[in-house]
Number of protein chains: 2
Amino acid sequence: MLPSSTVENYLKAIYVGETHLVGGQKLVPMGQLASALGIAPGTATTMVKALAESGLVTYEPYNGVRLTPAGEKLAARVLRRHRLIELFLVQVMGMNWDEVHEDAEQMEHVVSDRLIERMDEMLGRPEFDPHGDPIPTPDGQLAHRALETLLTCPLNTPVTVARVTDQDAAFLRFIESHHLKPGETIQVEERDEASDSVKLKGRDDQRMTIGARAASKLLVST
Amino acid sequence: MLPSSTVENYLKAIYVGETHLVGGQKLVPMGQLASALGIAPGTATTMVKALAESGLVTYEPYNGVRLTPAGEKLAARVLRRHRLIELFLVQVMGMNWDEVHEDAEQMEHVVSDRLIERMDEMLGRPEFDPHGDPIPTPDGQLAHRALETLLTCPLNTPVTVARVTDQDAAFLRFIESHHLKPGETIQVEERDEASDSVKLKGRDDQRMTIGARAASKLLVST
DNA sequence: GCCACGGTTTTGAGTCATCAAAATAATAAA
DNA sequence: TTTATTATTTTGATGACTCAAAACCGTGGC
C-alpha cells in the first residue's frame, strides 16, 4: 500500500509537530495537528486512528500522536522531497524563495524517485534548503546544527543567519528585502522587552527594528 | 470550480481521442474513452454525464462525447503542461525520453502556472515535445504539420522523423537505440504487405526491418 | 423481420477524506 | 469539590470517484 498524499501530509505534519514540541513530552496533540493541516479536529482523530491501525503512528486517546519508526521513515522521505524540490526551484529554475512552497507541497507527493535523485545530483547533494531547513538524507538522517534565535544570541556579536522558520510569503519577502536571508551576517544591538522588539544592524550597517515574534523565527549561528 | 485531476484526465483523453477519429464523425465513443483512461465503461458514462452537466462536453447517449469550446480550452491547457514538462525533464534535467511520461502525467495537474511559464521560458518557447508532439500555445492553438507515416511516405526518398506517436517506454527505447528519434533522416526502401513489415535505411546506411504497426507510429516530413 | 451480440447505461455498493454538531473527557477555576 | 472551560471524540452525512454485474439499446446477419 503506497501512502496517499493525505497520509503523507499527516505524517509530515506530525513529524514537524514533534520537532516543535518542548521538553520530554513526545505526543503531538490532535488540535495542533488539525490546525496544522487545516482540517476539523474530528477528521484528525478519525484519520490518526486509521494511521495507527496501519502501524505508522502510536495514538493515545486524549493525549496525542507520535510516529512509529515506519512512520518516521516515510515522513522524512516526504520532507526530503519537499526541501529538495524547493531548493531546485530556487537554485535551478530561478524562482523566488517565497513562491516555491506551494509547488513543492504538491510535487512532493507525485514526482518519481528518479526525478528526485536527479535534482539531488544537480544540486550537489545539498544539506539545507533555501530557508536553511535541513534536508533529510535518503535514509532519514537530519543534519542538525546548534542554532540560536535572535532572541537568545549574544548582543553586539556578528552572527550568520542560518535558517528562517516561517514559510509565509510576505514574511519571506520582508526577510529578503532587508537582507536577512540565510548566509547574511548581522548583529543584534538591543532587545527591548517592553516594546517587544529587537534592534539589528544588518548589511552596510543598516539599522532596523523587528518584532520579537519575527525575531524568534530567525535562527543564527555564532 | 477548478477542475480535479480526474476531470482534467477525462478532458485530455477526449481531446486526443477526437484527434484519433477518422472522417467527419466527431464523437468519441464511451468504450474508447474508458479504455484510454483504464476505467470501467459504466464509470465513464457517469462521469461524462457530470462533465456535460458542467458544460465541458456534449454527450449523446449511445453515440459518444465531444468537447465544448470550454472543455477544449481546458484540455489544451493540460496537454500544453504535459508536453512542456516532458520536454523540460529531457532537455534541462537530462532524463531519458522513455522515462518522463509518468512524471509529466502527475505534474501536469499540480504545478503552478508560474512554474510552467518558467519552463517555457527556459526552453525557448518550444513548439514540439521530445516525441515531436505539438505543444499547444497558452491560448490553445496547435501547430500542425503535414506529416506522413512510414506506411504512406514515398519510397527511397530521404525523410525526417518528426514525431513518434506512442508513449510506451520499451518502444521508445527501441526507437532510440535504432536512431529513429525525431530529427533523424531515414529512407523507406520497401514495404511488404504479406509480411506486414517495412524495410528502412537509417543512420550510417544501417538497414532494419520493422512491423507495420510500429511503422504507422513513426511520422515523417518529406 | 427477428435475434443475437457488442457496446452502453443503470443499479447498488464501496472507499476515502471530509465536515458540523452533539457527546464526552480532561483540566483549570472558584 | 463542584463547576466552568477547553480539547477531544463520536455520530451521521456528504461529495468525488470507482467497480461489478444486471439491464438495456442498436445494428448486422440470416
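Everything quoted here is computed from the prediction, not taken from an experiment. Order of the sequence lines fixes the chain letters, A, B, ..., with proteins taken first and strands second; residue numbering starts at 1 for each chain.
If you check the side chains of B:H109 and B:N9, you find a donor sitting under 3.5 Å from an acceptor. Side-chain contact, B:E86 with B:Q167: a donor N or O sits under 3.5 Å from an acceptor N or O.
Only at 4.0 angstrom or more do the heavy atoms of residues 51-61 of chain B sit from any atom of DNA chain D, so none qualifies.
Each of A:E18, A:E108, A:E72 was scored for a salt bridge (Lys or Arg N to Asp or Glu O under 4.0 Å) with A:K12, with one residue passing: A:E108.
For B:L37 and D:dC19, the CG to C1' distance is 15 Å, given to the nearest whole Å. Rounded to whole Å, the distance from NZ on A:K49 to C1' on D:dT10 is 7 Å. At whole-Å resolution of the value, CG in B:L33 and C1' in C:dG7 are 14 Å apart. Atom CG in A:N63 sits about 11 Å away from atom C1' in D:dT8, given to the nearest Å. B:M1 has its CE atom 8 Å from the P atom of D:dA16, to the nearest Å. Summarising the geometry, the separation between OH on A:Y62 and C1' on D:dT9 is reported as 5 Å, rounded to the nearest angstrom.
Atom CZ of A:R145 is surrounded by more than 12 heavy atoms from other residues, nucleotides or ligands within 6.0 Å. No more than 12 heavy atoms of other residues, nucleotides or ligands lie within 6.0 Å of NZ in B:K199, so this atom counts as exposed by the packing criterion.
Residues A:R163 and A:D133 form a side-chain contact, since some pair of their non-hydrogen atoms from C-beta on lies under 4.5 Å apart.
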Quick tally for nucleotides 15-23 of chain C: nucleotides whose base has a protein heavy atom under 4.0 Å get B, sugar-phosphate-only ones S, the rest -, giving --SSB----

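Distance alone, capped at 3.5 Å, is enough to place a donor-acceptor pair between the A:R83 side chain and the A:P134 backbone.
The pair B:R77-B:D113 meets the salt-bridge criterion, with a side-chain N (NZ, NE, NH1 or NH2) lying under 4.0 Å from an Asp/Glu carboxylate O.
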